[in-house]
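Within every chain, numbering begins at 1; the chains are lettered A, B, ... in the order of the sequence lines, protein sequences first and strands thereafter.
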Protein chains: 2
Amino acid sequence: MACLEEIVKEKFKKYLKEKGLRYTRQREDILRKILETKGHFEIEDIVLDFKKHNLDVSRSTVYRTLNILKELGIVNEVIKFKNKTLYEVALKEHHDHLVCEKCGKIIEFHSEEIEELQNNICKDYNFKPTFHRLEIYGICEDCQKKNER
Amino acid sequence: MACLEEIVKEKFKKYLKEKGLRYTRQREDILRKILETKGHFEIEDIVLDFKKHNLDVSRSTVYRTLNILKELGIVNEVIKFKNKTLYEVALKEHHDHLVCEKCGKIIEFHSEEIEELQNNICKDYNFKPTFHRLEIYGICEDCQKKNER
DNA sequence: GTAGATGCAAAAGATTTGCAGCCTA
DNA sequence: TAGGCTGCAAATCTTTTGCATCTAC
């Protein structure tokens, strides 16, 4: 088992214990699943994957657990597009997204300068940030080319 | 009638004509209403306000028209928080938002530097941006103080 | 043993859509 | 006049919730 997974698992367990909550089989399954997931995922992906592998975890439980993991800062809702919510594990270096409105492609980017400017703004307002979401919508290179043809 | 309103109205009419669509009483009412609105608004605000003033515009029509106005870039979905969508007229100087997770307060800010950095990133990826959304979630000054007590 | 968790089905919201009648161009 | 528009109700989709049952601690 990867080290990262262990660390997060312990963090989750510790948080649950502190709050008097329980570490159940379902919560373990959900945590493992999202840690396996590369990049973005939707709730529905998780639910269907459990179904596919005959793992008994209900949709409600996935929602309930994701809400805890959001609170804990282990996952973030990074994209809200067309009534869909895309989540991401918040462990790797944080990044933001370019979303193509034509094909739905998502390009990740990271800008340390933007992060810093955001922090400065928060300081100006005495605002204590927990997370942020920067989505730039538009047309990707490929779709622009398709239009030219 | 303010000049700004006229300009937007003409833009809307022109767009509708180009697409073979019609400029109806309801579309006029909706456009007027959102131009009157200061700051953010929800669909529900608009619907209720029409009800209050005995103006006949159905919820469906508000949704349908807002979708056209989004396409046109006259309004943007600027905040997606707790399954609510907040819209904003995209005419004034663009700004971004700090959203307090405790009390829901929304603080607007504008940073020309962040805008520029975003534009640079789009250039790097040959991405043609139409709009963006930057939400910073966290705890506002007031709510931090309340917690200290 | 007990408080908390789960699964299910139902509910709640937000948004979209099918359709019959209406209206703009 | 015709094709687009509207209002209504129904349908969808996402997310939450009430409750009886189950389970971690």
Are Glu101(B) and Thr130(A) close enough that a side-chain donor and a side-chain acceptor fall under 3.5 Å?
yes

Would a distance-only check, ignoring hydrogens and angles, find a side-chain to backbone donor-acceptor pair under 3.5 Å from Arg133(B) to Glu77(B)?
yes

In whole angstrom, what separates Leu86(B)'s CG from dT15(C)'s P?
10 Å

Which of residues 54-68 of chain B sit near DNA chain C, with a heavy atom under 4.0 Å from it?
Arg59(B), Ser60(B), Tyr63(B), Arg64(B), Asn67(B)

Between Ser111(B) and Ile121(A), which heavy-atom pair has the shortest distance, and what is it?
CB-CD1, 3.8 Å

Rounded distance in Å - CG (Asp29(A)) to C1' (dA5(C)):
14 Å

What is the distance, rounded to the nearest whole Å, between atom NZ of Lys84(B) and atom C1' of dA12(C)?
11 Å

Would you kindly give the NZ-to-C1' distance between Lys82(B) and dA12(C), to the nearest whole Å?
16 Å

So for the helix from dG1(C)-dC25(D) to dA25(C)-dT1(D), with five pairs setting each end axis, what is the inter-axis angle to 10°?
40°

Check this for me, if you would: do Lys145(B) and Glu141(B) make a salt bridge, where the nitrogen-to-carboxylate-oxygen distance has to be below 4.0 angstrom?
yes

Among all residues two or more places apart in sequence or in another chain, which pass the ring pair (Phe, Tyr, Trp, His ring centres under 6.0 Å) test with Tyr137(B)?
Phe131(A), Phe81(B)

Atom-to-atom span, NZ of Lys80(A) to C1' of dT15(C) - whole angstrom
14 Å

Among pairs that include at least one residue of residues 25-63 of chain A, which meet ring pair (Phe, Tyr, Trp, His ring centres under 6.0 Å), considering only residues two or more places apart or in two chains?
His40(A)-His97(A), Phe41(A)-Tyr87(A)

Could you tell me whether the side chain of Arg27(A) and the main chain of Arg22(A) form a donor-acceptor pair under 3.5 Å?
yes

Span of DNA chain D, from the first to the last nucleotide whose atoms fall under 4.0 Å of chain B heavy atoms:
dG3(D) to dT15(D)

Taking Gln144(B) for its side chain and Asn126(A) for its backbone only, find out whether a donor-acceptor pair lies under 3.5 Å.
yes

Answer with yes or no whether the side chains of His110(A) and Glu108(A) bring together a donor and an acceptor at under 3.5 Å.
no

Pairwise 5' ranking along DNA chain C for Leu16(A) and Lys70(B), keeping only the more 5' one:
Leu16(A)

Do Lys19(A) and Ile68(A) have side chains that get closer than 4.5 Å, going by heavy atoms?
no

Nucleotide N/O of nucleotides 22-25 of chain C paired with protein N/O under 3.5 Å:
| unit_1 | atom_1 | unit_2 | atom_2 | d |
| --- | --- | --- | --- | --- |
| dT24(C) | O2 | Arg22(B) | NH1 | 3.1 |

Any donor-acceptor pair under 3.5 Å from Glu135(B) side chain to Val99(B) backbone:
no

Do Asp45(A) side-chain atoms and Glu42(A) backbone N/O form a donor-acceptor pair below 3.5 Å?
yes

Arg25(A) bridged to Glu28(A) by N-O distance under 4.0 Å
no

